[in-house]
Structure formats: structure tokens, C-alpha cells
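Below is one structure. I have some questions about it.
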Amino acid sequence: MSNEPITLTAGDAEATVLPGNGGRIGGLRVGGTELLRQGERYGCFPMVPWCGRIREGRFRDGAVVHQMPLNSPPHAIHGTARDAAWRTARVTVDEAVLTYDLTDPWPYSGRVTQVIALTGDALTLTMSVETYESSFPAQIGWHPWFNRTLDGTGVEIAFDPAWQEERGDDHLPTGNRIDPKPGPWDDCFGMPDGVDVTLTWPERLELKVTSREEWVVVYDEQEAAVCVEPQTGPPDGLNTLPRLVTPLEPLEATTTWRWTRL
């Protein structure tokens, strides 16, 4: 199938899926109100096969050190799939299935599958990484840009993490876990019982971002948008907390955004 834009509908919710632009969600409208920042780089993109920054773009797999392009010098950031065209495998009125085959500059072969499922009050994203050849470390995550204001109403962020990853001057975790600090943030937090972050636009909408994963990056330093990024490990996790994809064991993660009118 082609990689043309896809529109999913359920009730008064509508999602635009852009296979040709990194497999991202280009928009999510509830009752005609757009929840995601618009623009080619925004919406919500999948982070795979890694999340956040890799220190100096290098990661080790056994005795081999691999170098990724420094697309956020001096680091590599957010994986390779967001810069590629994905293929559309299946589409219904309220669900799309996209695939992306890992290729250069990523040194291992594998397939990423993303399922985008819309209901009248939720969007669920599921992603998996499979390989039939060499095992390799990987990460999965999502990077949504939620509009900071809806019809002039500013967002409030509420969550209760168990810890915050101390961030060094290079924007990477130092390895120390500290008590969560007040924002603004560009920081990774640990939520061992699963990611659970609530965005509230008072008198407009409440949106809960949940995931079984226990890591979330919250970024609210931008004027136009806030980001709540569930992921399978912390930034630089290919080096510090690798999750192995093997022919017998794919890596899979899911996040759900559920909204309620206020």
C-alpha cells in the first residue's frame, strides 16, 4: 500500500497518520479541537530504535562500538525511523498498521511495526521491533507535541514520579537518581508502576498519558507545546540499560492517551 496520509475517525475524534513523514501522528482532533502542535517536525513521532540522546552517537554491543550520525551535535537523538517513510500495511476506519524496515545507518536488520488505534475517547499506539537475524539493543518510545493552549486555555501537568534522572550539562543522565524537581523540565523520570501523566486544560479537556513502561521524558521548555514521552528506557539507554531484541523475543511497548471533556 502507499504511504499517503491516512485519516482515522471514531465518534467526534479524528487522527491524521503520516506514514511518509516518519510514521508520525500529524494531528489529533477532538470535537474539532486540535490537540497536537502542527508542523512537519511535530505531531507525534515514534522514537526507534532508540529514544532521546546517545552520548556522542556511540553505543556498544558486546565488543563492537557503533557510531550513529550526530543529528543533535555532539549527540545522536531520537532514532532513525522518524526521518524515513513507513509503509502502510493495513487501514480500517479507526486503525492503521505501519511498518518500517531498519536500515543504514542502523547496523542491524529488523522490522518495526506500529499500530495506531482510535476510539471515541482514546488513542492507543503500539510498537514492536523484531529481528530474524542478529540480536541487538534497542529502545521504543513516542514523542508527542501537545499544544500548550487549547482555545486560549493553558495546560497543567500532573504526575508523581518515584525519581528524576539527574541531568548533566550535556543533557544526558549522570546515572544518579534524585528527588523530582519542579519544572520547567527536559528530564527523564522513573515511574515503576507505569507511566501515568495527566494534562489538564481547565474547563476544556483532561488527557491522561499512560504506559506499562516505567520511563517518561517530560519537556515543557517550549512556548507552543509540551511533550510527554513514554519510553522503554532512559536517554542513552542503549549504553546504560539496553533492551535486547532477539529472534525469539521482540521488543514491544504501548501507550494510551485517554481524554475527558471538562
Pairing residues for Ser109 by the side chain to side chain donor-acceptor pair (under 3.5 Å) criterion, not counting sequence neighbours:
Glu133

All N/O donor-acceptor pairs, side-chain side in residues 173-183, below 3.5 Å, sequence neighbours left out:
unit_1, atom_1, unit_2, atom_2, d
Thr174, OG1, Glu166, OE1, 2.7
Thr174, OG1, Asn176, N, 3.2
Asn176, ND2, Glu166, OE1, 2.9

Just distance, no hydrogens or angles: give the donor-acceptor pairs under 3.5 Å from side chains in residues 11-21, sequence neighbours left out.
unit_1, atom_1, unit_2, atom_2, d
Asp12, OD1, Arg261, NH2, 3.0
Asp12, OD2, Arg261, NH2, 2.4
Glu14, OE1, Arg29, NE, 2.9
Glu14, OE1, Arg29, NH2, 2.9
Thr16, OG1, Arg29, NH2, 2.8
Asn21, OD1, Arg24, NE, 3.4
Asn21, ND2, Glu40, O, 2.9

Sort and list the pairs that fulfil ring-ring contact (aromatic ring centres under 6.0 Å, His included) and have at least one residue in residues 232-255, not counting sequence neighbours.
none

Qualifying salt bridge (charged side-chain N to carboxylate O under 4.0 Å, His left out) pairs with a residue from residues 235-244, counting only residues at least two apart or across chains:
Arg55-Asp236, Glu213-Arg243

Glu249 atom CD, over 12 foreign heavy atoms within 6.0 Å:
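Incorrect, the count does not exceed 12.
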
Remaining members of Trp145's ILVMFWY cluster at a side-chain heavy-atom cut-off under 4.5 Å?
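In the cluster with Trp145 are Tyr42, Phe45, Met47, Tyr219.
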
Could I get the full list of side-chain contact (heavy atoms from CB on, under 4.5 Å) partners for Pro69, not counting sequence neighbours?
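Here the qualifying residues are Pro105.
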
Identify the heavy atoms of Asn147 and Glu34 that sit nearest to each other, and give their distance.
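Looking at all heavy atoms of both residues, the closest pair is ND2-O, 3.1 Å.
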
Which other residues belong to the hydrophobic cluster containing Trp215, where Ile, Leu, Val, Met, Phe, Trp and Tyr are joined when side-chain heavy atoms lie under 4.5 Å apart, directly or via other members?
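Besides Trp215, the cluster holds Trp163, Leu241.
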
Report the residues that fulfil side-chain contact (heavy atoms from CB on, under 4.5 Å) with Thr99, sequence neighbours left out, ordered by chain and then residue number.
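Only Arg87, Ala89, Arg111, Thr113 meet the side-chain contact (heavy atoms from CB on, under 4.5 Å) criterion with Thr99.
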
Applying ring-ring contact (aromatic ring centres under 6.0 Å, His included), which residue pairs with at least one partner in residues 241-262 are found, sequence neighbours left out?
Phe146-Trp257

Can you list the other members of the hydrophobic cluster that holds Val115, where links are side-chain heavy atoms under 4.5 angstrom apart?
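Val97, listed by chain and number.
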
Which residues pass the ring pair (Phe, Tyr, Trp, His ring centres under 6.0 Å) test with His75, not counting sequence neighbours?
none

